[in-house]
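Right, one structure below, let's go through it.
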Amino acid sequence: MKLRWFIPIAFLIPLRLSATDVPVGARVATITINPREVTILHLRPEFESTIRMPEEVTSVILGSPGDFKAEHNEGEPDYVYVKPIIKEAAQSNLLIATKSGQHVSLELVSEGAGVASQAQPVDFLIEYRTARSFLIPSDAESPATPSVPAKDPDRGRGDGSTGANSAPLSSLDEAFKQQESVNAPKWTKWADKEIETSIGDVRQLSNETMISYSVLNSSNQPIEIVPPQIQMTGRKVTKKKKEGKGIISDQLEIRDYRLSTTRLEPGERADGVVVFDRPNFKESTEKLFLEIAQADQVDRPILIHLPFTPPISGDGK
């Protein structure tokens, strides 16, 4: 009797990849921190992107937590991990601040899980590096780089020194020192808010507008505030009568700013100045606002109505 041996044969059957399994282009970039610029970060569902900062991250503010997820932990203080959490196309903003007061603004863009999104490379790693001006001190005026001044910037006050050999202050720095010197600002209280605000001078510098302001922590616990934003809000009539009028809002570009501190202890005050590009004209329904928000309530900012035409021209007092 003959024995027949049946030897199983393995067939390699190629698996059909779905649209979401198609390989995507990956991008790795190194960017110098520039507070004037907004970095566009291209994301895709089921992929996680990494942002590496040059120093420890102190706060991560995500505009749309329902569409994206941003993670940061103390074990990896220089890293932030971002990914979309929905399959549909989505956009949001992300603000990252570091311990020295530097910050970067990003626009998160996810085109969704469709085939159309395959043409756009995914930003797998964005590594920020510090601008040279942060590492090498300079006596030259450099108003383009935001900084967080020390609590007592006038080191020569104690001995009467005036610092005659130092470089002249910029218009922004002069406005900042003037706002700091205001002993009793006129505070405005806001319903359900832990902070109070005060607006100082509003100046026009050529095509730019400069706003001085102060923020007071009127609560009994520490809070953190984020860098200022400028918003232009208006209304437009939609095509369907049932929908009525829709609200449109645009963020204006911040040219430069100063902020004495982002963390406020109970009763502590922060002073700031912001310079932004104001449009030359607007529609009658549009209004200009200074946007101030707490780090834990970025979706509920305080909107302070600003005059479109600044009452102070140039460097006039």
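Hydrogens, waters and symmetry mates are skipped; everything else that's a heavy atom, side chains included, is used.
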Test item: [X] side-chain N/O and [Y] main-chain N/O as donor-acceptor pair under 3.5 Å:
X: Thr98; Y: Glu55; value: no
X: Gln297; Y: Gln294; value: no
X: Arg278; Y: Phe308; value: yes
X: Thr261; Y: Arg263; value: yes
X: Asn73; Y: Gly75; value: yes
X: Asp78; Y: Glu56; value: yes
X: Thr58; Y: Ala97; value: yes
X: Ser198; Y: Lys186; value: yes

State, to 0.1 Å, how close [X] and [Y] come at their nearest heavy-atom pair, and which atoms those are.
X: Ser64; Y: Ser92; result: N-OG, 2.9 Å
X: Ile126; Y: Arg27; result: CD1-NH2, 3.9 Å
X: Ala90; Y: Phe68; result: O-CZ, 3.6 Å
X: Ala295; Y: Ile61; result: O-CD1, 3.4 Å
X: Leu288; Y: Pro307; result: CD2-O, 4.1 Å
X: Val202; Y: Pro311; result: O-CD, 3.4 Å

Transitively linked via ILVMFWY side-chain contacts under 4.5 Å: [X] with [Y]?
X: Met232; Y: Ile199; answer: yes
X: Ile85; Y: Tyr81; answer: no
X: Val226; Y: Phe176; answer: no
X: Leu95; Y: Tyr128; answer: no
X: Leu125; Y: Val104; answer: no

Separation between [atom1] of [X] and [atom2] of [Y], rounded to the nearest 0.5 Å:
X: Glu291; Y: Thr233; atom1: CD; atom2: OG1; value: 8.5 Å
X: Ile304; Y: Trp190; atom1: CD1; atom2: CH2; value: 5.0 Å
X: His103; Y: Leu259; atom1: NE2; atom2: CG; value: 10.0 Å
X: Glu253; Y: Phe276; atom1: CD; atom2: CZ; value: 12.0 Å
X: Glu208; Y: Ile254; atom1: CD; atom2: CD1; value: 10.5 Å
X: Glu127; Y: Thr50; atom1: CD; atom2: OG1; value: 11.0 Å

Asn207/Asn280 under side chain to side chain contact (heavy atoms under 4.5 Å, CB included): CA gap, chis, key distance, verdict | CA-CA 8 Å; Asn207 293 328; Asn280 294 326; 4.2 Å; yes
Please examine the side chains of [Y] and [X], heavy atoms only from C-beta on, and report whether any two atoms are closer than 4.5 Å.
X: Ile312; Y: Met210; value: no
X: Leu290; Y: Ile230; value: yes
X: Leu108; Y: Leu62; value: yes
X: Ile51; Y: Leu106; value: yes
X: Lys99; Y: Pro77; value: no
X: Val60; Y: Leu94; value: yes
X: His305; Y: Phe289; value: yes
X: Phe47; Y: Phe124; value: yes

With side chain to side chain contact (heavy atoms under 4.5 Å, CB included) as the test, would you mind laying out the steps for His72 and Ile96 before giving the verdict?
-> CA-CA 10 Å; His72 168 67; Ile96 302 175; over 6 Å; no
May I have the step-by-step check of side chain to side chain contact (heavy atoms under 4.5 Å, CB included) for Asp123 and Thr39, ending in yes or no?
-> CA-CA 11 Å; Asp123 291 315; Thr39 303; over 6 Å; no
Report, as yes or no, whether the 6.0 Å neighbourhood of atom OH on Tyr79 holds more than 12 heavy atoms from other residues, nucleotides or ligands.
-> no
NZ of Lys282: more than 12 outside heavy atoms within 6.0 angstrom?
->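 Result for NZ/Lys282: enclosed.
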Table please: side-chain donor-acceptor pairs of residues 214-225 below 3.5 Å, with sequence neighbours left out.
{"from": "Ser214", "atom 1": "OG", "to": "Gln179", "atom 2": "NE2", "distance (Å)": "2.8"}
{"from": "Ser214", "atom 1": "OG", "to": "Asp271", "atom 2": "OD1", "distance (Å)": "2.5"}
{"from": "Asn217", "atom 1": "OD1", "to": "Ser219", "atom 2": "N", "distance (Å)": "3.0"}
{"from": "Asn217", "atom 1": "OD1", "to": "Ser219", "atom 2": "OG", "distance (Å)": "2.6"}
{"from": "Asn217", "atom 1": "ND2", "to": "Gln221", "atom 2": "O", "distance (Å)": "2.9"}
{"from": "Asn217", "atom 1": "ND2", "to": "Leu264", "atom 2": "O", "distance (Å)": "3.0"}
{"from": "Asn217", "atom 1": "ND2", "to": "Glu265", "atom 2": "O", "distance (Å)": "3.1"}
{"from": "Ser218", "atom 1": "OG", "to": "Glu194", "atom 2": "O", "distance (Å)": "3.2"}
{"from": "Ser219", "atom 1": "OG", "to": "Gln221", "atom 2": "N", "distance (Å)": "3.4"}
{"from": "Ser219", "atom 1": "OG", "to": "Gln221", "atom 2": "O", "distance (Å)": "3.0"}
{"from": "Gln221", "atom 1": "NE2", "to": "Glu194", "atom 2": "OE2", "distance (Å)": "2.7"}
{"from": "Glu224", "atom 1": "OE2", "to": "Ser59", "atom 2": "OG", "distance (Å)": "3.4"}

Before accepting this row, confirm whether a basic side-chain N of the pair Lys83/Glu46 lies closer than 4.0 Å to the acidic partner's carboxylate O.
->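 Judged by the 4.0 Å cut-off on N to carboxylate O distance, Lys83 and Glu46 do not form a salt bridge.
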